[in-house]
2 protein chains.
Amino acid sequence: MLAQATISPTAPTPLSYHSGQPVTEPSDLWSTATRQTCARNRSIYSEGDPADRVFKVVSGAVRTFQLLEDGRRQVNAFYLAGEIFGLEATGDYRFSAEAIVTSQILVLRRDRLTLRLTNEPALMGDLWRITACELERAQAHFALLGRKSAIERVASFLVSMGERSVTNGAIELPMSRQDIADFLGLTIETVSRTMTLLEEQRLIAMPSARRIVIRDRRPLMALDS
Amino acid sequence: MLAQATISPTAPTPLSYHSGQPVTEPSDLWSTATRQTCARNRSIYSEGDPADRVFKVVSGAVRTFQLLEDGRRQVNAFYLAGEIFGLEATGDYRFSAEAIVTSQILVLRRDRLTLRLTNEPALMGDLWRITACELERAQAHFALLGRKSAIERVASFLVSMGERSVTNGAIELPMSRQDIADFLGLTIETVSRTMTLLEEQRLIAMPSARRIVIRDRRPLMALDS
DNA sequence: CGCAAACTTGAGCGTACTCAAGCGCAGTGG
DNA sequence: CCACTGCGCTTGAGTACGCTCAAGTTTGCG
């Protein structure tokens, strides 16, 4: 709805990474993709499905995650408008993907992508860079999950979200506290308590649970390490 | 020394991944690489260095890691004989690499690789698959770091090492308890205590600290989830 | 307005951490 | 040959951070 005109699949779209540097991508890569609306909590693909499609978020937000047998969940990543997910080199999806809120996504069939790749081998390099970028982001997340305290994890998350999507001064969180907890390797209670703590310390403000304003960036960045 | 003949850089070498499926790689990709011996704890590259080389372990073992300002360390991965590391799509190395024990590694200059890629675009697909494989392994590690208990982490690690390198019935660990702790997001004491616990439960035997025998695979796999 | 879902807050507990001491083995030198 | 030394590993005791269980509050939506 909102940004549909600017992120039209037929227009040249810079592909922005979380890590910062935008990489231009062939203007019509997504021109043969179909647009699809996904309701909140709707599954996009599940662990074990054949990886026959690649996706790009137009609006909304998507989470990828894995479940342990006893129900413990690990959210691997959040994907916001403009970001690509489901790009596996081969085989089946290793993780599941769901829409966090009602979302518009572009769906590109894998065989179409393969076709394009045979005609334009240079494209392969772009895909590789996207995957490599994702890998770097994943590995950076290791230090957070393996070595950081709760307050450091939450601060890192807010700083990262602040760099990705800010609407007039406030971060709009599409995901629930549970999603955040499962992303940061914490419980929902710890996430909630920690955000309250950050608010008490005047580092952030919370006009509502899903809207976060960063009041003092410096100490948050310090916690980010 | 030992396996030099079979892992000769000029001979066709199947490239085996941790995830299992071997992928054939162009026989002479590493023919222009130089062989190098790295002493124990010797740095191979550091965070921030220009990513101008790609490496393949011939013998020994390598760790990649990141340091937080206060000295906390997160080991991202261990690379054993036959495995490739340092393959970044662009820019600088994001992490550091060190030899765990005295190791033989093949060093391929990035510009040579680029040259090969222009002549044989198909190679790019192989590189992409290597990176994608690494990404999958990284994301699988998320659940361990974010959601598993100490005993589950150690069990997962031992199962994984058992699949990668077994010498007549025993796992030879090239890395120290500290390396394992920093890989699993635990302390050295917890790793030690947990291994003792697994030994007391007769799931493993420890002829020595660096030699582990898996006595009962089933419950270990169960802990792995 | 009423209900359900999401979020917050509180109290008590447990797992893994911290700090500290002791052990075992390999290498070295008397 | 054996004491000495250093490093890596193990074990112990006490602590703390984040989890569990539970109740209460707020928000969003029919």
Side-chain angles (χ1 to χ4, degrees), chain A residues 39-41 61 63 68 70-75 100-102 144-158 171-201 204-212 223, chain B residues 40-41 61 63 68 70-74 100-102 144-158 171-201 204-212 223:
Chain A
R40 182 180 131 88
N41 291 331
R63 63 177 167 253
L68 303 187
D70 57 2
R72 281 177 291 179
R73 188 178 71 154
Q74 176 65 42
V75 169
I100 294 172
V101 295
T102 302
L144 183 146
L145 291 174
R147 286 287 172 240
K148 287 189 181 176
S149 66
I151 195 171
E152 290 172 323
R153 294 185 200 202
V154 172
S156 296
F157 173 70
L158 292 177
I171 302 167
E172 297 276 358
L173 296 178
M175 69 291 284
S176 69
R177 293 290 187 269
Q178 187 65 62
D179 287 328
I180 299 172
D182 289 343
F183 180 62
L184 299 180
L186 298 171
T187 59
I188 181 174
E189 294 96 332
T190 297
V191 170
S192 185
R193 269 187 259 271
T194 304
M195 291 192 125
T196 303
L197 185 67
L198 290 173
E199 191 179 32
E200 284 168 1
Q201 295 180 349
I204 65 171
M206 285 193 285
S208 77
R210 301 287 184 107
R211 301 194 74 218
I212 312 288
L223 284 170
Chain B
R40 183 180 131 87
N41 291 330
R63 62 177 167 252
L68 303 186
D70 57 3
R72 280 177 290 179
R73 187 179 72 155
Q74 176 65 42
I100 294 172
V101 293
T102 302
L144 183 147
L145 291 174
R147 286 286 171 239
K148 288 189 181 177
S149 66
I151 195 169
E152 290 172 324
R153 294 184 200 203
V154 172
S156 297
F157 173 70
L158 292 177
I171 302 167
E172 297 275 359
L173 298 178
M175 69 291 284
S176 70
R177 294 290 188 268
Q178 187 63 63
D179 287 328
I180 297 171
D182 289 344
F183 179 63
L184 298 179
L186 298 171
T187 59
I188 181 174
E189 293 96 333
T190 298
V191 170
S192 185
R193 271 187 258 271
T194 305
M195 291 192 122
T196 302
L197 185 68
L198 289 174
E199 191 180 32
E200 284 166 2
Q201 295 179 351
I204 64 171
M206 286 193 284
S208 76
R210 301 287 185 105
R211 301 194 75 218
I212 312 288
L223 284 170

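Just so we're on the same page: letters track the sequence lines, and every chain starts at 1.
You'll find the side chain of A:L223 stays beyond 4.5 Å of the side chain of A:K148, heavy atoms only. Looking only at side-chain heavy atoms (C-beta outward), B:M195 and B:M206 come within less than 4.5 Å of each other. Taking 4.5 Å as the limit, some side-chain heavy atom of B:V154 sits within range of a side-chain heavy atom of B:L186. Counting only heavy atoms from C-beta outward, the side chains of A:T187 and A:R193 never approach each other to under 4.5 Å.
Counting to the nearest Å, the P atom of D:dG8 and the CG atom of B:L173 are 15 Å from each other. Per the geometry, CG belonging to A:D70 stands 11 Å off P belonging to D:dT20, to the nearest Å. In this structure, B:E199 places its CD atom 9 Å from P of D:dT10, rounding to the nearest Å. Distance CE (A:M206) to P (D:dT25): 18 Å, rounded to an integer number of Å. If you take CZ of B:R72 and P of C:dA16, they are 18 Å apart, rounded to a whole angstrom. Protein atom CZ of A:R177 is 12 Å distant from nucleotide atom C1' of D:dT26, rounded to whole Å. As a whole-Å value, the separation of A:L186 CG from D:dC17 C1' is 11 Å. To the nearest angstrom, C1' of D:dG18 lies 15 Å from CG of A:L144.
At a threshold of 4.0 angstrom between heavy atoms, the contacts of B:S176 are confined to the sugar-phosphate backbone, with no base atom among them. Contacts of B:S208 with the nucleic acid, taken as non-hydrogen atoms under 4.0 Å apart, are absent. Within the 4.0 angstrom heavy-atom criterion, no nucleotide atom of any strand lies near A:R153. Residue contacts shown for B:R40 are limited to sugar-phosphate atoms, with no base heavy atom under 4.0 Å away.
When the nucleotides C:dT8, C:dT18, C:dA16 are ranked by their closest atom to the side chain of B:T190, C:dA16 comes out on top. Considering only the side chain of A:S192, C:dT8 comes nearest among C:dT8, D:dT10, C:dC17. Distance from the side chain of A:E189 is smallest to C:dT9 among D:dG18, D:dG8, C:dT9. Comparing D:dC9, C:dT8, C:dC19 by their closest approach to the side chain of A:I188 singles out C:dT8.
For the OP1/OP2 pair of D:dT27 and a distance below 4.0 Å, the side-chain nitrogens and oxygens of A:R210 include no atom meeting the criterion. When the side-chain nitrogen and oxygen atoms of B:T187 are compared with OP1 and OP2 of C:dC17, one or more of them lie within a distance under 4.0 Å.
Nucleotides of DNA chain D nearest to B:R193 and B:M175 differ in position, and the one nearer the 5' end is that of B:M175.
Counting non-hydrogen atoms of other residues, nucleotides and ligands closer than 6.0 Å to CZ of B:R210 gives a total above 12.
Terminal axes of the helix from C:dC1-D:dG30 to C:dG30-D:dC1 (five pairs each, C1' rotation axis) are separated by 30°, to the nearest 10°.
In this structure, the side chain of A:R153 engages the main chain of A:L145 through a donor-acceptor pair within 3.5 Å.
Here the shortest heavy-atom pairing between B:A209 and B:L173 reads O-CD1, 4.3 Å.
Checked options B:I188, B:V191, B:L158; the residue passing with B:I180 is B:V191 (criterion: side chain to side chain contact (heavy atoms under 4.5 Å, CB included)).
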